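So the structure is just underneath, and the comments pick up after that.
For this chain, numbers begin at 1 and follow the sequence in order. Worth saying up front: this structure is predicted, and the values here are computed from it rather than measured.
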Amino acid sequence: MYEMLIMRKTEVIIRCGTDEVRGVIAQYYPEFQLLKINNIMIPITLIDQIEITGPDEPLTQASHRLREPRILHLVAQGGVISK
């Protein structure tokens, strides 16, 4: 899922609690479960929501198809991560 956003350089908004980071995901480190955006490392377990704000083009090759609204809710081992 993250690889497609990285490859297309899609702008996103990542929300962690009351904090929000806008930018392009530069790297995903699966062994550490970290995303790098704007030179900030974010543990994916802390992410509440990822919103795609980039160009409205179809992500047909993505492993998960995105539908309106274009918001991804991450699923952890125990269920959906939300507050």
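- The structure places CG of Asp48 at 9.5 Å from CZ of Arg15, a figure rounded to the nearest 0.5 Å.
- Pairing each heavy atom of Ile25 with each of Leu35, the nearest pair is CG2-CD2, 4.0 Å.
- The two residues Glu20 and Ile13 come nearest to each other via the heavy atoms CG-CG2, 3.2 Å.
- Qualifying ring pair (Phe, Tyr, Trp, His ring centres under 6.0 Å) partners for Tyr29, counting only residues two or more places apart in sequence or in other chains: none.
- Within the 4.5 Å cutoff, no side-chain heavy atoms of Lys36 are placed close to those of Tyr28.
- When all heavy atoms of Gln33 and Ile44 are compared, the pair lying nearest together is OE1-CD1, 2.8 Å.
- Minimum interatomic distance between Met41 and Leu34 (heavy atoms only, all atoms of both residues): CE-CD1, 3.9 Å.
- Looking at residues two or more places apart in sequence or on another chain, you find no salt bridge (Lys or Arg N to Asp or Glu O under 4.0 Å) involving Glu3.
- Contact between Gly23 and Asn38 at its shortest, heavy atoms only, is CA-OD1, 3.8 Å.
- In plain terms, the two heavy atoms of Thr53 and Arg22 that are nearest each other are OG1-NH1, 3.9 Å.
- In this structure, Ile47 CD1 and Asp19 CG are separated by 12.0 Å, a value rounded to the nearest 0.5 Å.
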